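When a ligand or atom number is given, it counts from 1 through the structure's own listing order. Not measured: the values here are computed from a predicted model.
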Amino acid sequence: MIVTFFGSPGSGKGTQAELAAEALGLAHVSTGKHFRREIQRNSALGTEIRDVIEAGKLVTDEIVNELVFQLIDEIPGVLLDGFPRNVFQAGSLDEFLLRKKRKLDGAVFLDVPEAEAVGRLAGRRHCTSCGAHAFFSDDTCNFCGAALVRRTDDDPGVIHRRFEEYRLQTAPLEAFYAGRLVRVDGIGAVKQVHSRVLKAMEPWL
Ligand code: AMP
């Protein structure tokens, strides 16, 4: 099975994608997570994309497409998180899968109103040690006790830019995936949304 998850920044896409992948035994391929790891490692790719990500802009289609196609080639069960991010990437993914005699089973759109998502991002912290990515109320990680930091791209100024990119580039995916898209209400507790996601994905199992 190959499915993709998309939603605005702060929609809970990363958390829900990770939970769904684990529940369904799929490989969780998160482009954002991959890029943040490369930046932390100071690799050549990390150095190339650091400024783009920290400004809340999108990495070029060439870099992302090549990365994803390499990562998913030969893996039968994949849950894509954060890719495709625009219609060009979505078309390239369809073409790539067709060449491999595979197809995208469907897209999950995690629907959260912008005001709610902006509020969530303002309170979001990220663990410097285990990488947990959640909404914590204190300064230490609930999972491993290490220090929490705000993602550079969760800075209030950058959030604004990420929403602009989302509206312009990613929101049109709703129309692109018409007929193979399920919309999931992203408001509520993590567990509650997770159950909705699994239910929505049932037809693809
Ligand atoms: P995310 O963790 O999905 O919010 O991604 C964090 C950042 O990584 C985004 O704001 C982009 O700068 C970059 N990124 C992740 N996925 C993509 C993609 N498919 N296309 C372009 N840029 C991406």
Could you give the distance from CG (Leu79) to CD1 (Ile72), rounded to the nearest 0.5 Å?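 Result: 11.5 Å between the selected atoms.
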
If I compare all heavy atoms of Thr128 with all of Ala146, which pair ends up nearest, and what's the gap?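 It is OG1-CB, 4.2 Å.
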
Under the criterion salt bridge (Lys or Arg N to Asp or Glu O under 4.0 Å), I'd like the reasoning laid out for Glu114 against Arg167: C-alpha separation, chi angles, the key distance, then a yes or no. CA-CA 10 Å; Glu114 184 168 325; Arg167 272 185 239 110; 3.0 Å; yes

Side chain, backbone, both or neither: which applies to Val59 and ligand 1 if a contact is any heavy-atom pair less than 4.0 Å apart?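 Both backbone and side chain.
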
Identify, by atom number and element, the atoms of ligand 1 in contact range of [X], meaning under 4.0 Å from any of its heavy atoms.
X: Arg162; answer: 4 (O)
X: Lys13; answer: 3 (O)
X: Lys57; answer: 11 (C), 12 (O)
X: Gln89; answer: 18 (C), 19 (N), 20 (N), 21 (C)

Which is closest to atom 19 (N) of ligand 1 by heavy-atom distance: Gly14, Gly82, Gly7?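 It is Gly82 whose heavy atom sits nearest to atom 19 (N) of ligand 1.
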
Lys33, Glu165, Arg36: member with heavy atom nearest to atom 2 (O) of ligand 1: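 Selected option, by shortest heavy-atom distance: Arg36.
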
Does this structure show an ion pair linking Glu38 with Arg41, if we count only N-O contacts that are shorter than 4.0 Å?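 Yes, this pair counts.
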
Selection residues 63-83 - residue pairs positive for side-chain hydrogen bond (donor to acceptor under 3.5 Å, both in side chains), sequence neighbours left out: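 Passing the test, one end in residues 63-83: Lys13-Asp81, His28-Asp81, Asn65-Ser92, Asp73-Lys100.
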
Which residues share a salt bridge (charged side-chain N to carboxylate O under 4.0 Å, His left out) with Lys33, sequence neighbours left out: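 For Lys33 the salt bridge (charged side-chain N to carboxylate O under 4.0 Å, His left out) partners, ignoring immediate neighbours, are Glu18.
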
Please determine whether any non-hydrogen atom of Ile53 lies less than 4.0 Å from an atom of ligand 1.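 Ile53 counts as a contact of ligand 1 under the 4.0 Å cut-off.
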
